Amino acid sequence: MIQHPGNVFVVSAPSGAGKSTLTQRLVQEVPDLSFSISFTTRKPRPGEVDGRDYFFIDEARFDAMVAGGGFVEWVQVYGHRYGTGRDWLNGVLATGRDVLLDIETTGALNLRGAIPDACMIFLLPPSAAALEQRLRGRGKDSDEQIRIRLQHARHELELYGAYDYLVMNDDLELAYRQFESIILATRARRERMAPVAQGILQGF
Ligand code: ADP
Ligand code: 5GP
């Protein structure tokens with residue numbers, strides 16, 4: 001079990017729903033929020049940077065991390081492996097910063113076992129057709145990759161019931177405001193703020 005002073009936010013969604021668009025803006029605009037950088041055996045897409053978007057590692061190194069218990073959770077999807085590094089996550093949380101993890105549903109459910117008070121947010125596309133349009137419009141995946149991603153999308157959507165919040169990304173600005181509100185409201189929860197309230201009380 002991971003003990004931590006920071007909040008953990010998990011966001012899952014079918015590929016193409018707009019997670020990257022929203023999470024990139026959140027980490028820029030919400031103070032004290034870090035984006036979790038996962039490890040993957042997938043090759044970088046054009047424009048992706050090692051150590052910023054992912055830690056891109058080979059199969060052997062991924063195997064070694066699995067064997068050494070180096071992942072809080074890991075999965076194999078789309079023919080590649082993805083995992084949340086235990087040391088990386090502990091390191092950021094220990095500084096008191098909140099962490100936002102963009103991980104798929106199976107990994108998210110496993111993560112909740114390790115971090116039961118993680119705030120779980122599911123991002124819904126407006127429709128199946130809109131999702132396909134966005135994947136094509138993004139222009140980063142082959143037709144075959146898009147077919148596989150759409151098939152997987154249905155399985156991911158079926159798991160929405162395991163999440164605390166469902167945010168629909170139709171109007172981007174509204175989705176952003178909802179997302180940001182969830183983060184800010186979670187920070188104000190009584191159990192998080194009780195130590196602060198106690199500190200203030202002691203000043204009287
Ligand atoms: P994900 O990270 O979930 O795979 P992206 O953030 O890459 O998805 O978004 C997929 C595509 O959809 C991108 O081209 C993005 O600009 C576009 N997009 C994201 N949100 C919206 C929205 N609310 N309306 C229209 N297009 C959007
Ligand atoms: P992509 O290849 O589009 O960057 O990511 C594919 C899927 O892997 C996305 O649904 C993304 O959320 C998920 N993913 C990325 N990193 C991790 C991780 O560390 N763990 C898990 N479980 N899923 C991840």
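Both counts, for ligands and for their atoms, begin at 1 and track the order of listing. Just so it is clear, the model here is predicted, and its values are computed rather than measured. What you see below is based on every heavy atom in this structure, not just the backbone, and it leaves out hydrogens, waters and symmetry mates.
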- Item | Ring centroid separation Trp74 to Phe62 under 6.0 Å | yes
- Working for salt bridge (charged side-chain N to carboxylate O under 4.0 Å, His left out), residues Arg42 and Asp53: CA-CA 12 Å; Arg42 160 165 92 58; Asp53 300 289; over 6 Å; no
- Give a yes or no on whether Arg45 atom CZ has more than 12 heavy-atom contacts from other residues, nucleotides or ligands under 6.0 Å away. yes
- Item | Within the 4.0 Å heavy-atom sphere of ligand 2, strictly under, residues | Lys19, Ser38, Arg42, Arg45, Tyr54, Glu73, Val75, Tyr78, Tyr82, Gly83, Thr84, Asp102, Ile103, Glu104, Gly107, Arg149
- Can you list every pair that meets salt bridge (Lys or Arg N to Asp or Glu O under 4.0 Å) and has a residue in residues 60-71, with sequence neighbours left out? Asp63-Arg81
- Message: Check this for me, if you would: do Glu180 and Arg177 make a salt bridge, where the nitrogen-to-carboxylate-oxygen distance has to be below 4.0 angstrom?
- Response: no
- The reported gap from CD1 in Ile115 to CG in Leu101 (rounded to nearest 0.5 angstrom) is 7.0 Å
Under 3.5 Å, which donor-acceptor pairs link side chains of residues 153-160 to any protein atom two or more places apart or in another chain?
unit_1	atom_1	unit_2	atom_2	d
Arg154	NE	Glu158	OE2	3.3
Glu156	OE1	Thr105	N	3.0
Glu156	OE1	Thr105	OG1	2.9

- Message: Assess the residue pair Arg25 and Glu173 against the criterion (salt bridge (charged side-chain N to carboxylate O under 4.0 Å, His left out)); give the C-alpha distance rounded to whole Å, side-chain angles, the decisive distance to 0.1 Å, and a yes or no.
- Response: CA-CA 11 Å; Arg25 182 168 163 200; Glu173 194 56 33; 3.1 Å; yes
- How are the rings of Phe71 and Phe39 set relative to one another: parallel (under 30°), tilted (30 to 60°) or perpendicular (over 60°)? perpendicular
- Non-hydrogen atoms closer than 4.0 Å to ligand 1: which protein residues do they belong to? List them by chain and number, please. Ser15, Gly16, Ala17, Gly18, Lys19, Ser20, Thr21, Arg134, Arg138, Asn169, Asp170, Leu172
